[in-house]
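Worksheet for the structure shown next.
Just so we're clear, the structure is a prediction, and the values are computed from it rather than from any experiment.
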Amino acid sequence: MKKIINTVVLIAVFLFASCNQEFTNPSSATQTQVVSDVIGLITVANGLSFKYSISRQSPNYTLPTTSGLLTKELLVLNAGNTDEQNLFLGGASVLGNNGVISNLWNQCNLLRSNADLILSNLNIASDQGMKGALQAHASIFKAMALGNLAMFWQQAPITNGTSATQPNGSSAPFVPRLSVLNEAVAVLESARTELAKAPISSAFSASIAPGIDYANTINALIARYALMAGDNDKALAAANLVSLAATVKSEFRHDDLTRNALFESSFGNRNVSEPFNNKFSLPLALETPLSDGRIAFFFSAGGSLNLGRASFFTSNSSALPIYRAGEVTLVKAEAFARKNDLANATTELNKILQKLPAGDSYGIGANQPAYSGANTQAAILTEIYKQRCIELYMTGMRLEDSRRFGRPASERSRDFLPYPFSERDNNPNTPADPAN
C-alpha cells in the first residue's frame, strides 16, 4: 500500500507542480482531467500532503526554519546558506528575494489554490463518507496554508484573482491577517459539519496517505487559529472537542521517499541550522529547570552545538505531528487566562507542568511542580507563554506567540515579513512592506 500511495502522491505533485504567479492551477484541460472523478480528487488530496510536507520548499521546512531563525530557536551553522543567515540576522537583512520566505509564501498559496480545486468539485463524490473525508482533508491543508500566511504576513490573498471587476484587473486582492485567520476557521467549521454526517469512506482511507486523524485535527486547528484571531470562546469550545488520549495522533508520516524535510535539509547534515541552545532560547527569567523532562526530549546529550533531538527530526522517517496534544491544553489555558478565569487557566497550565511522558501521545512530559507564581492574569499569561515555547518547540509558532503575548521586541528580529518579490512583481495589489 505504501508504494501505491507514494505513486499516487508523485503523480499529484507532477500535476500541480507548476502554476503562474496568481497561484491558479494548470491548464483547464488538465484540471478537467484531474477532477473528472473521485480518483482524481484523491490524487490531488495526496498531492496536498506531499507538497506540504516534503522537501526544502515545503512548509514543513520553511515554517519552523523561518520562525526559528527570527526568534533564535535556531542558529545558522554555515553562513553560506545566505537566505537562512539573513533570517537569523533579521531586520533589514530580510528582503523579498529571500528564498526561504518566498517558498513559504508560494507553497502556501499554491496549497490553498489546490485545496480549493477539491472543495469546488465535491459534487463529484456521490457517497457522503467520501465527500466528507475529501472536504476534511482539503480544508485542513487550506486552513494550515492560510494560518501560516497570517502568522508571518500582515495581509495575504484568500482567493485567486479571476474577476475583471476586482481592483487592478484580475490580480488577487489582499485582506488583513485577521480576515485570513477567520477564513481558515470558517473553512474548518464547514468541514467539521460535513464530516459529522457519515463515517469516513473505507475507499478514501485505503487510497489516502495515512496519518491524519480528521475530526481531532479539525478541532485542534480551529482552536489554534481562533485563539490567534482573539476568539477565546470559539477556541475553548473547539479545544474541548479534541481527544487528548495518549493513543491519539495526527501526523505526517515519512519514509525514504517522502523524507522528513527538516531532518533531510538541516538536522541530518549539520550544515544549515540547529538549535541555538538547549534552553529553548528563552531569556534567563523564563528558563526552565534542568529537571524539566522536555530538555532531554528535545536535545541530545553532550556536544558543543546541542544538536536537536526533538524526536520529530531524528531521521528521514521521523513522523511529524500536525498538532501536539500539549498545544490544545495550552490553548485552553490561554483562552481562560485572557477571559480572566484564572482558576481554570491555572488548572490547564498545571496539566502541562505536571504531565508525565506516558500521558502524552509522543512522550513529551515536564514532570514539574504545579504553578506557584502570582495569581494574576499577567503572571499566568507569562507562564503560559513560557510553556508554549517549550511544549511547542520548533513548530513554527514562536514568532506569532511572541507578538501575541507582547514580548519585548528584542526577543525577535522581525515582527512580520516583507512580501516576496515574486508576488510584488506580478501582483499590483501587493501591500507595502512592514517596517519591521
> Can you check whether Val94's main-chain N or O pairs, donor with acceptor, with Asn98's side chain at less than 3.5 Å?
Replying inline: no

>> ring pair (Phe, Tyr, Trp, His ring centres under 6.0 Å), that's the test. Do Phe263 and Phe313 meet it? Break it down for me.
In response: CA-CA 5 Å; Phe263 176 81; Phe313 311 109; 9.1 Å; no

> Checking side-chain hydrogen bond (donor to acceptor under 3.5 Å, both in side chains) for the pair Asn60/Ser53: CA distance, chi angles, key distance, verdict?
Replying inline: CA-CA 5 Å; Asn60 274 356; Ser53 185; 3.1 Å; yes

>> Can a side-chain donor-acceptor contact be found between Asn344 and Thr347 if the only test is distance below 3.5 angstrom?
In response: no

>> Taking side-chain hydrogen bond (donor to acceptor under 3.5 Å, both in side chains) as the cut-off, I'd like each qualifying pair that reaches into residues 209-222, sequence neighbours left out, listed once.
In response: His137-Tyr214, Arg192-Asn219, Asp213-Asn216, Thr217-Ser250

> Do you know which two heavy atoms are closest between Ala245 and Ser361, and how far apart they sit?
Replying inline: O-OG, 3.6 Å

> Looking at OG of Ser49 and CD1 of Ile322, how far apart are the two atoms once the value is rounded to the nearest 0.5 Å?
Replying inline: 7.5 Å

> For Phe299 and Tyr393, what are the C-alpha separation, side-chain angles and deciding distance, and is it a ring pair (Phe, Tyr, Trp, His ring centres under 6.0 Å)?
Replying inline: CA-CA 11 Å; Phe299 304 103; Tyr393 183 68; 5.3 Å; yes

> Do side-chain atoms of Arg324 reach the backbone of Gly326 as a donor and acceptor pair under 3.5 angstrom?
Replying inline: no

> Do Asn103 and Thr62 get their side chains close enough for a donor-acceptor pair, meaning under 3.5 Å?
Replying inline: no

>> Side chains of Arg412 and Ser402: any donor to acceptor distance under 3.5 Å?
In response: yes

> Would you call the rings of Phe405 and Tyr385 parallel, tilted or perpendicular, where under 30° means parallel and over 60° means perpendicular?
Replying inline: tilted

>> Between Tyr362 and Phe297, is the ring centroid distance below 6.0 Å?
In response: no

> side-chain hydrogen bond (donor to acceptor under 3.5 Å, both in side chains) between Gln107 and Arg112: does it pass, once the steps are laid out?
Replying inline: CA-CA 9 Å; Gln107 292 292 89; Arg112 171 189 56 76; over 6 Å; no

> Would you say Asn427's side chain and Glu423's backbone share a donor-acceptor pair under 3.5 angstrom?
Replying inline: no

> Of all residues at least two apart in sequence or in a different chain, which pass the side-chain hydrogen bond (donor to acceptor under 3.5 Å, both in side chains) check with Tyr61?
Replying inline: Glu84

> Side chains of Glu411 and Thr71: do they bring a donor and an acceptor to under 3.5 Å?
Replying inline: no

>> Suppose we screen for side-chain contact (heavy atoms from CB on, under 4.5 Å). Which residues come up paired with Ala226, at least two apart in sequence or across chains?
In response: Val185, Asp231, Lys234, Ala235

> Nearest 0.5 Å, what's the CZ-CG distance between Arg294 and Asp360?
Replying inline: 10.0 Å

>> Within the 3.5 Å criterion, strictly below it, is a donor on Ser315 or Ser318 matched to an acceptor on the partner's side chain?
In response: yes

